[in-house]
J.: 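To start, I am sharing the structure in question, which I have written as structure tokens.
Every number for a ligand or one of its atoms is a count from 1 in the order of the listing. Atom set for the values below is all heavy atoms of this structure, side chains included, hydrogens, waters and symmetry mates excluded.
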Amino acid sequence: MEETPLLWLLFLTAMLSRTTNTASLTVSPSSSQLFEDKSVSLSCEEDDTSAEWTLRRNTTRRKMSQCGAGWGNPAGSSCIIGLTVPWDSGVYWCESREGATSKSINITVTGGPVILQSPVLPVMEGEDLTLTCKTKRSSNLPAGFYKDDSFIRTEPAGHMTIHHVSRSDEGLYKCTISSVGESPPSWVSVTGEEVTFDFRSSFIQIFT
Ligand SMILES: *[C@@H]1O[C@H](CO)[C@@H](O)[C@H](O)[C@H]1NC(C)=O
């Protein structure tokens, strides 16, 4: 069986690559859009607690700014923004001391009357995508949904579900609630099945 050593190598590589340090950023409430004056908690969920992840963000005002440095209150591996303001809008990510980064998340904080709740992370192809259009007081008013500025449809209870998403569902979504207003737009991305395989670092671990 000539392929046996190769299979072992692949097996070892797969096992070792699972130990590569990663962190994922979670947001609570889990929404890419938030009203102002709300509290939001962001956490770096790490699989190696020794790695010391910090949360950073880019806004229009400041780049690469760390939680606690003028915004947010660090609380362990989390960062809490007590009262959101529109200039908290931006891209957020976790970063280790070694410079490894998590996937980043876009958050829009609006002073307007309507938000669109969409997933903060990419949706997998084949999954369902649910978008919710809400005002500060209600999340079940009739709402119109738009993708890339084209009207899709009105949903009587403010929720639109797209079943079995494909790449073509990727785009910039927004919603409107009549006589209340329009949400900011948010990008929804759709990804294929993810295979993360850090071959180089695993290879080095085997042969050193
Ligand atoms: C944040 O801003 C810096 C400086 O402009 C840029 O190099 C970096 O790619 C940005 N990070 C993200 C995740 O957008």
J.: Can a side-chain donor-acceptor contact be found between Ser186 and Gln33 if the only test is distance below 3.5 angstrom?
T.: yes
J.: Check whether any side-chain heavy atom of Thr130 sits under 4.5 Å from a side-chain heavy atom of Met160, and report yes or no.
T.: no
J.: Which pairs would a plain distance check flag for residues 105-118, meaning a side-chain donor or acceptor within less than 3.5 Å of a matching protein atom at least two apart in sequence or in another chain?
T.:
residue: Thr110; atom: OG1; partner: Gly112; partner atom: N; Å: 2.8
residue: Ser118; atom: OG; partner: Ser32; partner atom: OG; Å: 2.5

J.: Atom CZ of residue position Arg137 - does it have more than 12 heavy atoms of other residues, nucleotides or ligands inside 6.0 Å?
T.: no
J.: Do you see a donor-acceptor pair shorter than 3.5 Å between the side chains of Ser77 and Ser43?
T.: no
J.: Hydrophobic clustering (ILVMFWY, side-chain heavy atoms < 4.5 Å, transitive) - are Phe145 and Val180 grouped together?
T.: no
J.: Would you please write out the protein residues whose heavy atoms approach any atom of ligand 1 to under 4.0 angstrom, listed by chain and number?
T.: Asn58, Lys63, Met64, Val91, Trp93
